[in-house]
Structure formats: C-alpha cells, structure tokens
Amino acid sequence: MFNPKKPDIDATSAITPRSFATATHAGESNCSIINEWLTMRGDLESEGDILVKGKVHGNIECKLLIIDCEAVIEGAIMADEIVIRGTTRGIIKARRVRLEKSASVDSEIYQETFSAEEGARIKGALHGYEDHAGNIGKAWQNASEDDKAPGGLVHKLAVAQ
C-alpha cells in the first residue's frame with residue numbers, strides 16, 4: 001500500500017534558472033511546453049513561461065523563455081528572461097539573456113544583462129537595451145511589406161518598444 005522508496009526524479013525536469021515548479025500555485029500552471037516532436041507555425045504570446053523543445057517558426061513573447069538543446073526558433077523573441085541552449089534566428093529583445101554552451105545564435109540581441117558559457121556560438125550583434133529604438137527604425141526602412149504588416153517581425157518589434 002505505501003511505498004517507502006522515493007520516486008526517481010528525471011534530471012531533465014530540473015529546469016534552471018528558476019524552475020517552472022515555482023511558477024505553479026495550487027495546481028495552476030502558467031507555463032507552456034512545445035515538445036520535441038512539435039513544429040509550430042505562427043506567433044506565441046504568453047503571460048507565463050515557455051519551454052521550447054521543438055521548432056517554432058514565428059514570434060514569441062513571454063516572461064521566461066527556455067530554448068532547449070535541440071530546439072529551433074526562427075522569429076522575433078521578446079521576454080523578460082531568455083535561456084538559450086538550442087538555435088535561434090531573428091531579433092531578440094530581453095532584460096536578461098543567457099547562452100549556454102550548446103547555443104547557436106544567429107540574431108541581433110537587445111539586452112540589459114548578457115552572459116554566455118564557453119562553447120556558445122553567436123553570429124549577429126549584441127546591443128544594449130537602449131539601442132533598440134534606433135535600430136528598429138533602420139530595420140523598418142529596410143523591411144519587406146510582409147515584415148511591416150501587423151503581426152510581421154518588424155511591426156511586432158516596433159509596437160513593443
């Protein structure tokens with residue numbers, strides 16, 4: 001009836017920097033998971049946290065975004081905090097950005113604080129948060145009509161500033 005043995009805990013369930021477990025209150029969850037077998041096309045917006053293990057082709061806006069080792073995101077990312085273990089292509093705007101050793105980033109990053117582990121690969125540019133407005137203006141001038149349209153990459157970033 002009672003099992004004195006403690007259950008085994010999967011090492012992948014301990015997600016840092018702050019565990020999704022701390023974001024749950026009384027059975028209520030404010031985090032979403034895009035599993036490894038899932039490819040999403042379109043924008044994702046959440047007032048909570050998102051863990052991406054699969055592929056997302058679209059823009060993402062949330063509080064905490066964790067991009068797992070095999071995950072790929074192609075689109076703009078706006079979050080309070082981003083942990084990148086996988087691959088990104090597109091503009092990133094966040095207060096805190098952390099690249100782990102498996103990260104492969106082809107992005108312009110606008111941030112307040114930035115850290116990268118040895119082995120992380122980055123192609124693009126790193127900007128202070130305050131540089132965001134001027135560079136979005138330049139991006140708007142060079143953007144395609146699709147990117148300027150509501151929901152487009154540059155339109156979404158311009159509205160967020």
Side-chain angles (χ1 to χ4, degrees), residues 12 14-24 29-36 38-143 147-148 150-161:
T12 60
I15 300 172
T16 56
R18 63 183 169 105
S19 176
F20 283 137
T22 62
T24 58
S29 175
N30 66 348
C31 64
S32 300
I33 299 174
I34 308 301
N35 285 311
E36 57 272 1
L38 186 60
T39 298
M40 300 259 327
R41 296 188 192 286
D43 297 344
L44 300 175
E45 292 182 26
S46 175
E47 292 181 15
D49 304 336
I50 299 175
L51 168 61
V52 177
K53 294 182 170 197
K55 294 181 176 84
V56 176
H57 300 279
N59 305 318
I60 298 177
E61 185 174 354
C62 63
K63 287 186 181 179
L64 168 65
L65 175 65
I66 297 178
I67 304 165
D68 215 9
C69 293
E70 300 299 319
V72 176
I73 296 180
E74 293 182 357
I77 300 170
M78 288 179 283
D80 288 337
E81 183 175 0
I82 301 173
V83 177
I84 304 172
R85 299 175 185 145
T87 302
T88 65
R89 288 180 205 91
I91 296 173
I92 295 173
K93 180 181 175 186
R95 299 210 183 283
R96 294 178 52 191
V97 177
R98 186 172 87 201
L99 305 183
E100 295 191 356
K101 63 183 175 185
S102 56
S104 177
V105 176
D106 185 359
S107 303
E108 283 198 47
I109 301 174
Y110 297 87
Q111 46 65 43
E112 285 182 10
T113 61
F114 176 84
S115 67
E117 290 182 355
E118 185 175 344
R121 295 174 306 279
I122 184 167
K123 178 180 175 184
L126 189 61
H127 304 281
Y129 211 63
E130 63 280 353
D131 294 338
H132 178 69
N135 284 314
I136 290 300
K138 291 176 196 171
W140 186 267
Q141 292 171 347
N142 299 324
D147 285 341
K148 290 180 183 178
L153 175 70
V154 176
H155 180 267
K156 186 149 179 93
L157 288 171
V159 170
Q161 57 177 329

(request) Please round to the nearest 0.5 Å and tell me the distance separating atom CD1 of I50 and atom CG of L44. (result) 5.0 Å
(message) When you compare the side chain of M40 with that of L38, does any pair of heavy atoms fall below 4.5 Å?
(response) yes
(request) State, with a plain yes or no, whether a side-chain heavy atom of T87 is found less than 4.5 Å away from one of I73. (result) no
(request) Carefully, step by step, assess I92 and I82 under the rule side-chain contact (heavy atoms from CB on, under 4.5 Å). (result) CA-CA 9 Å; I92 295 173; I82 301 173; 3.4 Å; yes
(request) Please check if the side chain of E45 supplies one atom and the backbone of C62 the other of a donor-acceptor pair under 3.5 Å. (result) no
(request) Taking the side chain as every heavy atom from C-beta outward, state whether I91 and I77 have any atom pair closer than 4.5 Å. (result) no
(message) Within the 4.5 Å heavy-atom criterion, are L51 and I34 side-chain neighbours or not?
(response) no
(request) Run the numbers on R85 and D68 for salt bridge (charged side-chain N to carboxylate O under 4.0 Å, His left out), then give the verdict. (result) CA-CA 5 Å; R85 299 175 185 145; D68 215 9; 3.4 Å; yes
(message) What I'd like to find out is whether the side chain of I84 reaches to under 4.5 Å of the side chain of V105, using heavy atoms alone.
(response) yes
(message) With rounding to the nearest 0.5 angstrom, report the NE2 to OG1 distance, H57 to T39.
(response) 5.5 Å
(message) Enumerate the side chain to side chain donor-acceptor pair (under 3.5 Å) contacts for residues 113-124, please, sequence neighbours excluded, ordered by first and then second residue.
(response) none
(request) Enter the distance from R41:CZ to K55:NZ here, rounded to the nearest 0.5 Å. (result) 9.5 Å
(request) Could you pull out all residues at least two apart from E112 that satisfy salt bridge (Lys or Arg N to Asp or Glu O under 4.0 Å)? (result) R95
(request) Answer yes or no: is there a side-chain heavy-atom contact under 4.5 Å between E108 and L126? (result) no
(request) Evaluate whether atom CD of E36 has more than 12 neighbouring non-hydrogen atoms of other residues, nucleotides or ligands under 6.0 angstrom away. (result) yes
(request) Before giving the answer on side-chain contact (heavy atoms from CB on, under 4.5 Å), spell out for I33 and V52 the whole-Å C-alpha distance, their side-chain angles and the decisive distance to 0.1 Å. (result) CA-CA 6 Å; I33 299 174; V52 177; over 6 Å; no
(message) Between I60 and L65, is there a side-chain heavy-atom distance shorter than 4.5 Å?
(response) yes
(request) Determine whether the side chains of T88 and S107 contain a donor N or O and an acceptor N or O closer than 3.5 Å. (result) yes
(request) Examine distances only and state if a side-chain atom of D80 and a backbone atom of L64 form a donor-acceptor pair shorter than 3.5 Å. (result) no
